[in-house]
Q: 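Take this structure, written in structure tokens, and hold onto it; I'll ask about it next.
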Amino acid sequence: MLGGGVSRISHHFRECDLHFHLGLPFGFSYCGLQSFHLSFPWPLKPCLGGIAIIRKQNRMPSKYYCSSTPSKSSGEIPLLFDCCSQQEDEREILSDGISAVAGGIVALGKFDALHIGHRELAVQASRAGPPFLLSFVGMAKVLGWEHRAPIVAKCDRKRVLSSWVPYCCNMVPEEFHVEFSSVRHLSPRQFVEKLSKELRVRGVVAGENYRFGYKAAGDALELVKLCEEYGMEAYIIKSVMDKNRCSANINSSTNSKERGQVSSTRVREALAVGDMRYVSELLGRQHRLILMATDQERFNIGQYKMSAPKSCLLNLAPKEGLYEKCSLFLGQENVMQCRVVIDTKFVYVETDYGGLSDIFGTQNLQFLHIEFSDSSS
């Protein structure tokens, strides 16, 4: 039977409707739980998503998960920082020679799609401090991967991150890139040391399946242990699962570790079959396609139709076919309903409004922004 202190803590968590799952190593003595306690350096408030608060002491196993049901009882231990009261001048602690992420909370991952799972990482980071998305650049070149079109156009990422402000306590998550070649051979310990001593981050957020270090030697549990050694907080959150539905057309070859989990791979597969409703569910927004005209490739504009070579695409298009009820963005505010036809070489935009050439005829149109509705295919 567990000691009295732990019994009280367990009872307290049951009242909060927090369901903890402890990953105990082989041979671990349950009696050791008597020395377990949680320590939080800042005022905390209940979380809204499934997050694990990790602060281990006395070699307590460090993998805990909590449900999202907030507590209403008085005197309960809240679960996460009140980020909405974070001081706006927190970012002003930066000075010349100090990392742009110093004092911030970095979410770790590959943020290709900026899907709802990535958003949840940013949400939890924002509840602990200024949120950053830390990812590596140059991986494809170093590892010899084939080039793949991004899911989100590079020039459109800021807009997507800005749309997360209502979820992230009125803060825009910022991106921070590290050259993959500079960390490729770092051990898990060396990587965490870099976060602590070089980048000077205050804490990290990662998914439960996150792996890091040379040859992916480190897992979430080791991340927690190392962060504690280096004086950083670590927040490990459950994977965001696809609970709404699973496209019947999605390729069954999806990695078994990702099956049912929202991932960039699932977004790519949904785009590949043209299932735009499913894409929207995974992204938490409608997919936006961006095309850029160049000196070599221009847009062809008529009265009811305009076309552009697929070589103008800046991000990944859905499969070839007809897509109804799409939106053509003309500047920041003007939106025109349209149909989009994609074939092997061109993207065609058709409207019922017969003045496209009048609108664009006198302009040197460089970009096309097209959004696909949930029922566009």
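Keep in mind that what you see is a predicted model, and the values were worked out from it rather than measured.
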Q: Out of curiosity, does Val101 fall in the hydrophobic cluster containing Phe180 (side-chain heavy atoms, cut-off under 4.5 Å, transitive links)?
A: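 Yes, one cluster joins them.
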Q: Return all side-chain donor-acceptor pairs below 3.5 angstrom for residues 190-198, not counting sequence neighbours, or 'none' if the list is empty.
A:
from, atom 1, to, atom 2, distance (Å)
Gln190, OE1, Ser187, N, 2.8
Gln190, OE1, Ser187, OG, 3.4
Glu193, OE2, Lys197, NZ, 3.3
Lys194, NZ, Glu198, OE1, 3.1
Lys194, NZ, Glu198, OE2, 3.0
Ser196, OG, Tyr230, O, 3.4

Q: Rounded to the nearest 0.5 Å, how far apart are CG of Leu133 and CZ of Phe176?
A: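 Here the interatomic distance stands at 12.0 Å.
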Q: Taking salt bridge (Lys or Arg N to Asp or Glu O under 4.0 Å) as the test, write out the residues that go with Lys305, two or more places apart.
A: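 Partners of Lys305 under the salt bridge (Lys or Arg N to Asp or Glu O under 4.0 Å) test: Glu350.
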Q: Using ring-ring contact (aromatic ring centres under 6.0 Å, His included) as the criterion, list what pairs up with His118, not counting sequence neighbours.
A: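 Applying ring-ring contact (aromatic ring centres under 6.0 Å, His included) to His118 gives Phe111, His115.
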Q: Can you measure from CD1 (Ile290) to SG (Cys155) and round to the nearest 0.5 angstrom?
A: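 Here the interatomic distance stands at 4.0 Å.
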Q: Sequence neighbours left out, what passes ring-ring contact (aromatic ring centres under 6.0 Å, His included) with Tyr348? Give chain and number order.
A: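 Listed in chain order: Phe346.
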Q: Using the test salt bridge (Lys or Arg N to Asp or Glu O under 4.0 Å), find all partners of Arg184 that sit at least two apart in sequence or belong to another chain.
A: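 Counting only residues at least two positions away or on another chain, Arg184 forms no salt bridge (Lys or Arg N to Asp or Glu O under 4.0 Å).
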Q: Are Asp352 and Arg339 ion-paired here, with the side-chain N under 4.0 Å from a carboxylate O?
A: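 Yes.
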Q: Taking atom CE of Met292 and atom OG of Ser311, what is their separation to the nearest 0.5 Å?
A: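 These two atoms lie 10.0 Å from each other.
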Q: Keeping Lys325 on the side-chain end and Asp374 on the backbone end, is there a donor-acceptor pair under 3.5 Å?
A: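 No; judged by distance alone, with no hydrogens or angles, the pair does not exist.
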Q: Which residues satisfy the ring-ring contact (aromatic ring centres under 6.0 Å, His included) test with His185, sequence neighbours excluded?
A: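 If we apply the ring-ring contact (aromatic ring centres under 6.0 Å, His included) test to His185, skipping adjacent residues, the hits are Tyr214.
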Q: Roughly how far, to the nearest 0.5 Å, is the CZ atom of Arg211 from the CG atom of Leu108?
A: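 Going from the CG atom of Leu108 to the CZ atom of Arg211 covers 14.0 Å.
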Q: Kindly determine whether Glu371 and Arg288 satisfy salt bridge (Lys or Arg N to Asp or Glu O under 4.0 Å), including the steps that lead there.
A: CA-CA 4 Å; Glu371 277 193 359; Arg288 180 174 291 200; 3.0 Å; yes
